[in-house]
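Residues: numbered from 1 along the sequence shown. Just so we're clear, the structure is a prediction, and the values are computed from it rather than from any experiment. Atoms within a ligand are numbered from 1 in the order they appear, just like the ligands themselves.
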Amino acid sequence: MAPVVSTPSTLQHAAAAMDNAEVLRIRNDFPILGQEVNGHPLVYLDSGATSQNPASVLEAEQEFYEQRNAAVHRGAHYLAVEATEVFEAARGIVARFVGARGDEIIWTSNATEAINLVSYAFSNASAGRGGAAAERFRLGPGDEIVATEMEHHANLIPWQELAFRTGATFRYIPVDDDGALRLEEAARIIGPRTRILAFTHASNVLGTINPVDTLVAMAREHDAFVVLDACQSVPHLPVDVKALDVDFAAFSGHKMLGPTGVGVLYGKAGLLNAMPPFLTGGSMITTVTMEQAEYLPAPQRFEAGTQKISQAVALAAAVDYLAETGMDRIHAWEAHLGQRLVAGLEAIEGVRVVGPGAGIERIGLAAFDVDGVHSHDVGQFLDDQGIAVRVGHHCAQPLHRRLGLVSTTRASTYLYNTTEDVDALLDAVAGVRRFFGVAK
Ligand SMILES: Cc1ncc(COP(=O)(O)O)c(C=O)c1O
């Protein structure tokens with residue numbers, strides 16, 4: 001089997017819109033989706049948590065282990081050279097997918113680690129590491145870090161912790177009742193003291209797509225760094241980090257048809273090369289004495305120890321798959337599914353959808369509350385019919401508190417979901433309250 005290959009930018013894809021017939025063909029590429037669960041064909045509506053893998057991704061990982069497995073960047077033998085080549089080619093493929101340069105892409109274990117990497121680099125700089133070059137990353141009392149009320153814990157707690165470690169103040173932009181950021185509040189909160197603005201591109205609960213341009217402009221006015229949580233955007237819509245002009249962006253392989261265990265941090269090269277490292281050890285140094293070490297430039301500077309090599313190679317195969325399908329087409333299809341979901345759920349008595357209402361832009365997911373029935377019961381009821389959804393607070397407890405809820409049920413779509421999948425969920429949800437005896 002050939003190693004991973006690059007494909008042209010998805011942004012130029014101009015083919016016809018996706019439809020159910022194409023989705024059914026796509027679905028054939030995903031071995032796991034062909035099974036039955038509890039006597040029903042599996043309806044997988046939990047891709048917002050973890051997506052499924054096409055055969056090409058599974059094969060890429062297997063091919064790596066069968067043909068090329070070795071540690072990268074340090075061997076002088078054939079397999080080590082092969083492994084290094086496909087590992088670095090994978091970096092290039094992922095970089096092009098988001099409009100970045102190869103040396104601006106850092107492999108991490110997941111998005112959570114990517115965001116922590118940035119947070120700890122700022123901490124280390126604040127503790128005096130990194131010399132004069134890292135001065136711009138130093139935080140202290142009087143400085144402010146701003147996030148939003150709709151963040152996943154992965155883009156919230158690392159900033160709270162950074163504030164605790166440095167004495168900076170943590171602040172947040174509130175959301176309105178429809179799940180949009182209150183931009184007039186953002187304009188008040190983001191000011192001369194703001195050093196970091198961290199926010200999600202698309203909410204994993206509300207489905208809201210945030211106005212990156214507006215928020216970046218507010219940050220730039222005050223020379224603040226911008227960290228974008230792109231976990232729910234890079235897998236589902238065309239994203240160009242340069243066009244967005246963010247300083248850092250994080251996403252996870254397993255949410256975009258790739259394997260678990262690999263995530264990505266994008267950072268502007270000038271920033272990455274000035275930042276002190278997060279994890280330290282082998283493979284990220286130039287010279288080491290018994291007293292100290294000198295570090296390589298990015299990306300190796302942030303890739304201590306043996307890397308997630310097969311996972312990176314498989315993630316590149318996932319990116320190839322997405323690029324061939326076309327991110328603009330995937331986005332349009334999922335927007336269609338998302339609207340169908342919201343309109344259908346809103347029409348069911350006793351169901352409250354959180355986030356933008358029907359007709360307002362959102363990604364292809366919807367989280368909802370069923371009056372009188374706990375989300376875990378809703379999830380169990382749906383699972384009995386072969387429908388996989390996520391239940392709970394979706395790692396967004398403050399947002400749920402803001403919405404006056406403890407938990408919700410979330411259905412999230414991807415390129416392998418048909419309108420029939422959405423309708424199966426809607427039919428099932430329509431029967432939940434009767435089943436649990438809270439409606440006639
Ligand atoms: C918006 C958002 N941010 C961050 C994460 C964390 O991703 P991971 O658990 O892969 O690090 C998720 C995962 O659900 C997410 O949806």
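Every residue was checked against the salt bridge (charged side-chain N to carboxylate O under 4.0 Å, His left out) condition with Glu151, not counting sequence neighbours, and none meets it. Looking at residues two or more places apart in sequence or on another chain, you find a ring-ring contact (aromatic ring centres under 6.0 Å, His included) between Tyr416 and Phe30, Tyr414. Annotation: salt bridge (charged side-chain N to carboxylate O under 4.0 Å, His left out) contacts of Glu185 (sequence neighbours excluded): Arg188.
The residue from Thr306, Thr84, Val86 that alone fulfils the side chain to side chain contact (heavy atoms under 4.5 Å, CB included) condition with Val72 is Thr84.
Side-chain contact between Val205 and Met150 is absent, with no heavy atoms from C-beta onward closer than 4.5 Å.
Using a distance-only test at 3.5 Å, with no hydrogens or angles considered, a donor-acceptor pair links the side chain of Trp333 to the main chain of Asn417.
For ligand 1, the protein residues placed under 4.0 Å by at least one non-hydrogen atom are Asn110, Ala111, Thr112, His152, Ala154, Thr200, Asn204, Asp229, Cys231, Gln232, Ser252, His254, Lys255.
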